[in-house]
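Everything on this sheet refers to the single structure shown next.
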Amino acid sequence: MFHKPVRPVLVVIAHGSRDPRHAATVHALVRRVRSLRPGLRVETGFLDFNLPPVQGMLESLAAEGVRDVVALPLLLTRAFHAKADIPAVLREAPSRLRIRQADVLGPSPLLLSALERRLYEAGLTPADKSSTGVVLASAGSSDPEAIAVIADIAREWWHTGWCAVRPAFASASLPRTEDTVRELRALGCSTVAVAPYVLAPGFLPDRIARGAAGADVLADVLGPAPEVARLLLDRYDTARTPLPAAVGA
């Protein structure tokens with residue numbers, strides 16, 4: 001009898017936060033992922049502060065008899081957590097699990113679509129693009145690669161028709177959100193909007209919001225936007241699909 005292959009379990013790895021809004025938003029996103037693909041098992045583990053911890057989730061899956069897992073970092077850039085923390089946790093997973101680590105979420109055109117969705121939900125319209133300067137406000141990182149990626153995203157997004165798009169950072173890097181708001185005013189953009197390039201509420205998103213006090217529009221975090229849920233599934237599909245064998249191998 002032919003048996004359909006069992007799909008790997010998707011384990012979404014979130015950072016975690018003392019702020020209860022963080023876990024609530026992560027769980028809302030995971031529910032949306034499940035709704036998009038009802039037959040897929042999706043679980044959540046946290047690196048810190050929230051339950052279940054990633055290690056505990058992986059041990060629980062192994063005890064159930066699960067063999068294949070795709071571990072997906074709920075991160076927008078390849079900074080320290082993606083390069084060090086998550087691989088270290090996965091190395092401690094039960095040996096019976098076959099784990100493939102998916103790539104981080106950013107950069108992606110789907111994230112730009114989600115950012116625009118949040119700006120339009122906050123009151124802008126597509127007709128406002130040419131007169132609106134946007135602050136692409138990220139959490140920040142000490143990793144030069146991650147900082148460069150944010151700058152590249154800002155340049156790419158600007159080319160879609162905004163008056164200007166400039167990056168800002170809530171920690172570890174400059175400029176801050178409030179500085180970039182002032183810069184866009186000085187450039188002559190008639191409207192200034194702040195688009196948080198973060199997935200869930202917490203300490204740094206709150207800092208972004210305070211820095212947006214001088215802006216005209218503050219968008220919500222990306223959270224469970226439909227585009228973000230689709231992106232998680234795209235990353236899952238890429239990770240679970242074996243690479244084609246090299247010719248002559």
Could you pull out all residues at least two apart from D206 that satisfy salt bridge (Lys or Arg N to Asp or Glu O under 4.0 Å)?
R21
With sequence neighbours excluded, residues passing side chain to side chain contact (heavy atoms under 4.5 Å, CB included) with Q101:
P73, I86, P87, L90
Short N-O contact, R155 and D152, less than 4.0 angstrom
yes
Between V134 and W158, is there a side-chain heavy-atom distance shorter than 4.5 Å?
no
Does R118 come within less than 4.0 Å of E121, counting only side-chain N to carboxylate O?
yes
Do L29 and L110 belong to the same hydrophobic cluster, where Ile, Leu, Val, Met, Phe, Trp and Tyr are linked whenever their side-chain heavy atoms lie under 4.5 Å apart, directly or via other members?
yes
Indicate yes or no: at least one non-hydrogen side-chain atom of V104 is less than 4.5 angstrom from one of L76.
no
Hey, are the side chains of L115 and Y197 touching, using non-hydrogen atoms and a 4.5 Å cut-off?
yes
Ionic contact status for R41 with E64, cut-off 4.0 Å
yes
Do NZ/NE/NH1/NH2 and the carboxylate oxygens of D237 and R37 come within less than 4.0 Å?
yes
Y120 side chain near P126 side chain, heavy-atom distance below 4.5 Å
yes
Note, L111 side chain near L222 side chain (heavy atom, < 4.5 Å)
yes
Verdict with reasoning, Y236 to R7, per side-chain contact (heavy atoms from CB on, under 4.5 Å)
CA-CA 11 Å; Y236 168 82; R7 284 185 286 189; 3.6 Å; yes
Inter- and intrachain pairs under salt bridge (Lys or Arg N to Asp or Glu O under 4.0 Å), touching residues 72-89, at least two apart:
K83-D143, K83-E145
Spell out, yes or no, whether L187 and V217 are grouped together once hydrophobic residues are joined by side-chain heavy atoms under 4.5 Å, including indirect joins.
no
R18 CZ: over 12 foreign heavy atoms closer than 6.0 Å
no
Does some side-chain heavy atom of R31 sit less than 4.5 Å from a side-chain heavy atom of P224?
no
Is there a side-chain contact (heavy atoms from CB on, under 4.5 Å) between I153 and V165? Walk through the geometry before answering.
CA-CA 9 Å; I153 293 169; V165 181; over 6 Å; no
What I want to find out is whether R185 reaches D216 closely enough, with some N-O distance under 4.0 Å, to be called a salt bridge.
yes
Would you please test R230 and L36 for side-chain contact (heavy atoms from CB on, under 4.5 Å) and show each step?
CA-CA 8 Å; R230 285 171 48 205; L36 290 176; 4.0 Å; yes
State, with a plain yes or no, whether a side-chain heavy atom of K129 is found less than 4.5 Å away from one of T160.
yes
Name the orientation class of the two ring planes belonging to F49 and H15 (parallel below 30°, tilted from 30 to 60°, perpendicular beyond 60°).
tilted
With a 4.5 Å heavy-atom cut-off, do R34 and L40 have their side chains touching?
no
Please step through side-chain contact (heavy atoms from CB on, under 4.5 Å) for the pair V11 and L72, ending with a clear verdict.
CA-CA 6 Å; V11 176; L72 195 159; over 6 Å; no
Distance in Å, L124 CG paired with L119 CG, rounded so as to fall on 0.5 Å steps:
5.5 Å
